[in-house]
Amino acid sequence: MPSGGDQFARALPGGPLLHVDVDAFFAAVEQRDDPGLRGIPMAAGDVVIACASYEAREWGVQAGMSVGEAVAVCPRLRLVPLRSDAYAAASTALFAVLGRFAARVEPGSMEEAFLDTRATPWATVDQLAASVQRAVAHETGLPVTVGAGRTKLMAKLASRSVKPRGLRVIQPAEERYLRPALLIDELWGVGDVTRERLRQHNIRTVADIAVVHPDHLRDIAGTQMARRLAAIATGADDATVRPERPRRSYSVQRAVPRGSGVDVDLLTGELAGRLHDGGFTCTVVSVALKYANRLEHRGRARLLEPTADARRLASTARSLLPAGGVRVEKAGITVTGLQRADAAVQLTLDTGG
DNA sequence: TCTGGGGTCCTAGGACCC
DNA sequence: TCTGGGGTCCTAGGACCC
């Protein structure tokens, strides 16, 4: 039975959206699996910090920092190597729990999701959010923050504001005064480039967007972005939870050690493994090189037939590499045009009667 | 000061067709 | 033969996200 403070029951028959986000995901998995890592500043990463525990964040350790930099600001930092398989397993466990609380779950990444709770019996949104939080903690051992709101933006704003281990519901009444006051910087989906373009036209808040002519907004930010911004300004932004979309690509990217060349076999071997594990073949191979002088080289080739064969990928990738010269700092290979591996036989010509 | 790696979607322009 | 209009597909690169 809805309490007096919960307006969703009357305001929105469909119920609110939930945004569920694991706190410091990689670090949380490591701390869960090794009690010795709990309560101390630690981080998962190799050359750079991929994810820092909240204890380490208090010292100023952030994702993306080089390990040297991180140790400089936090000498007691414990560093552990990345364990991709463990994170993938934790992600699977997380989504198994979330699936029980929602008719539809839209993954944002391996550690976060939007939940459509329409068909979920609940008393109040707070109680539902708390149930999700408890279930994830009990069944996966991972700390999550849950935000709820009328749209994805509101749910995400809610969770972002109370991390870690937080729970916040933005009720429709609160949204009405909160929304126009939002700064452009706070908008999910608006990055540096768009923010700067808007700033040059003195647009700094959602309320500022609302008074700009649509044509002008389109000139500033482009068609799709303008549409999205206008929707945010009127409160008509995305409130639809879409189930998982099919994968479009796999990619690998590696720094190339000084004095060595691009290890094409290593990169394509990894891609072939992932294609195989995912049950995919691909039809397009792309190569991207970053040189020490900041220039880039890109190449792309379409395969005659879908493949997941490491040698075929390697020879294609090699044909896209330019002849030597400037030192390569980073090399990446991406495969796209994914098809289900078992669908390949369908390409056989139907010559029958 | 853009550290590193893995993704998605959008856009602009060219090729090609009617 | 030239001009105009419209549509689709593909590619390269940009913007954004975690």
Side-chain angles (χ1 to χ4, degrees), chain A residues 19-28 43-52 60-73 79 81-84 87-88 91 94 106-114 145 152-153 156 159-160 163 184-198 218-229 238 242 244-257 266-267 270-271 273-275 278 280 282-290 294-302 320 329-338:
Chain A
H19 181 248
V20 180
D21 199 352
V22 181
D23 305 317
F25 181 55
F26 294 173
D46 298 319
V47 182
V48 297
I49 305 298
C51 181
V61 180
Q62 292 172 355
M65 267 185 176
S66 72
V67 167
E69 226 176 324
V71 172
V73 299
L79 198 72
L82 293 169
R83 293 186 301 141
S84 307
Y87 311 144
S91 178
L94 168 72
E106 178 177 335
S109 65
M110 63 193 307
E111 80 236 39
E112 76 176 286
F114 290 103
T145 293
K152 286 183 189 171
L153 176 63
K156 186 127 177 164
S159 67
R160 197 189 276 175
K163 279 187 149 294
I184 298 300
D185 306 56
E186 301 175 86
L187 298 181
W188 170 58
V190 179
D192 294 345
V193 175
T194 303
R195 178 180 11 94
E196 186 53 28
R197 285 180 191 158
L198 293 171
R218 196 194 54 219
D219 290 344
I220 296 170
T223 311
Q224 284 303 316
M225 183 60 80
R227 212 170 272 165
R228 200 148 47 143
L229 290 169
D238 194 3
R242 295 171 187 80
E244 194 170 5
R245 285 179 287 275
R247 173 176 282 276
R248 312 296 290 264
S249 68
Y250 285 102
S251 68
V252 284
Q253 208 183 124
R254 291 283 181 278
V256 178
L266 178 81
L267 297 176
E270 199 171 315
L271 285 172
R274 287 204 246 158
L275 283 167
F280 287 107
C282 69
T283 56
V284 179
V285 177
S286 306
V287 165
L289 303 180
K290 286 198 176 101
R294 290 274 158 228
L295 291 178
E296 298 185 13
H297 166 85
R298 298 197 196 207
R300 186 186 299 219
R302 183 170 286 277
L320 294 168
E329 270 189 340
K330 198 190 282 187
I333 302 179
T334 301
V335 292
T336 51
L338 300 191

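Not measured: the values here are computed from a predicted model. In what follows, chains carry the letters A, B, and so on, assigned in the order in which the sequence lines appear, proteins first and then strands, with residues in each chain numbered from 1. Any value given below was found using the heavy atoms of this structure, including those in side chains, with hydrogens, waters and symmetry copies removed.
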In whole Å, what is the span from the CD atom of Glu112(A) to the C1' atom of dC16(C)?
-> 13 Å
Mind calculating the distance between CD (Gln253(A)) and P (dG4(B)) to the nearest angstrom?
-> 10 Å
Within this structure, what is the CG-to-C1' distance between Leu289(A) and dA12(C), rounded to whole angstrom?
-> 15 Å
Which listed nucleotide (dG6(B), dA12(C), dT11(C)) is nearest to the side chain of Val252(A)?
-> dG6(B)
Spacing of Glu296(A) atom CD relative to dG14(C) atom P, expressed in whole Å = 8 Å
With a non-hydrogen cut-off below 4.0 angstrom, is Asp46(A) in contact with a base, only sugar-phosphate, or nothing?
-> nothing
Establish, with yes or no, whether the OP1 or OP2 oxygen of dT3(B) is under 4.0 angstrom from a side-chain nitrogen or oxygen of Lys290(A).
-> no
With sugar-phosphate meaning primed atoms plus P, OP1 and OP2, does Thr194(A) contact a base, only sugar-phosphate, or nothing at under 4.0 Å between heavy atoms?
-> sugar-phosphate
Sugar-phosphate only, base, or nothing, as touched by Glu111(A) at under 4.0 Å among non-hydrogen atoms | sugar-phosphate
Looking for any heavy atom pair under 4.0 Å, which part of the strands does Gly189(A) touch: base, sugar-phosphate only, or nothing?
-> sugar-phosphate
With the side chain of Arg248(A) defined as its heavy atoms from C-beta on, choose the nearest nucleotide among dG5(B), dC9(B), dC18(C).
-> dC9(B)
Value in whole Å for how far the P atom of dC17(C) lies from CG of Asp21(A) = 14 Å
Within less than 4.0 Å of OP1 or OP2 of dG14(C), is there a side-chain N or O belonging to Arg197(A)?
-> no
Arg160(A) bridged to Glu186(A) by N-O distance under 4.0 Å | no
For Val47(A), answer base if it contacts any base atom (sugar-phosphate contacts may also be present), sugar-phosphate if it contacts only those atoms, and nothing otherwise; contact means non-hydrogen atoms under 4.0 Å.
-> nothing
When we call it a touch if two heavy atoms are under 4.0 Å apart, what does Tyr250(A) touch: a base, just sugar-phosphate, or nothing?
-> sugar-phosphate
Closest of dG4(B), dC18(C), dA12(C) to the Arg300(A) side chain is dA12(C)
In whole angstrom, what separates Glu106(A)'s CD from dC17(C)'s P?
-> 15 Å
For Ser286(A), answer base if it contacts any base atom (sugar-phosphate contacts may also be present), sugar-phosphate if it contacts only those atoms, and nothing otherwise; contact means non-hydrogen atoms under 4.0 Å.
-> nothing
How would you label the contact of Arg274(A) with the nucleic acid (heavy atoms, under 4.0 Å): base, sugar-phosphate, or nothing?
-> sugar-phosphate
OP1, OP2 of dG7(B) versus side-chain N and O of Arg247(A): anything below 4.0 Å?
-> yes
Of the listed dC16(C), dG7(B), dT11(C), the closest approach to the Ser251(A) side chain comes from dG7(B)
With the side chain defined as heavy atoms from C-beta on, Met225(A) is closest, among dG6(B), dC16(C), dC18(C), to dC16(C)
Nearest-neighbour nucleotide for the Arg302(A) side chain, dG5(B), dT11(C), dT3(B) considered | dT11(C)
Of the nucleotides dC17(C), dC9(B), dG5(B), which has the atom closest to the Arg245(A) side chain?
-> dC9(B)
Base, sugar-phosphate, or nothing: which does Ala255(A) touch, judged by heavy atoms less than 4.0 Å apart?
-> sugar-phosphate
Just how far, in rounded Å, is C1' of dG4(B) from CG of Leu267(A)?
-> 14 Å
Can you say whether the rings of Tyr87(A) and Phe26(A) are parallel (under 30°), tilted (30 to 60°) or perpendicular (over 60°)?
-> parallel
OP1, OP2 of dC17(C) versus side-chain N and O of Ser109(A): anything below 4.0 Å?
-> no
Could you give the CD-to-C1' distance, from Gln224(A) to dT11(B), as a whole number of Å?
-> 10 Å
Any side-chain donor-acceptor pair under 3.5 Å between Asp21(A) and Thr145(A)?
-> no
Paired with dC18(B): which nucleotide, if any, by Watson-Crick or G-U wobble criteria at under 3.5 Å for both distances?
-> dG5(C)
Winner on side-chain proximity to Arg298(A), out of dT8(B), dG13(C), dT11(B), is dG13(C)
Please tell me which of the listed nucleotides, dC17(C), dC2(B), dG4(B), lies nearest to the side chain of Lys330(A)?
-> dG4(B)
Say you pick atom P in dC17(C) and the same atom in dT1(B); how far apart are they, in whole Å?
-> 23 Å
Side chain of Trp188(A) (C-beta onward), nearest among dG7(B), dC10(B), dC18(C) = dC18(C)
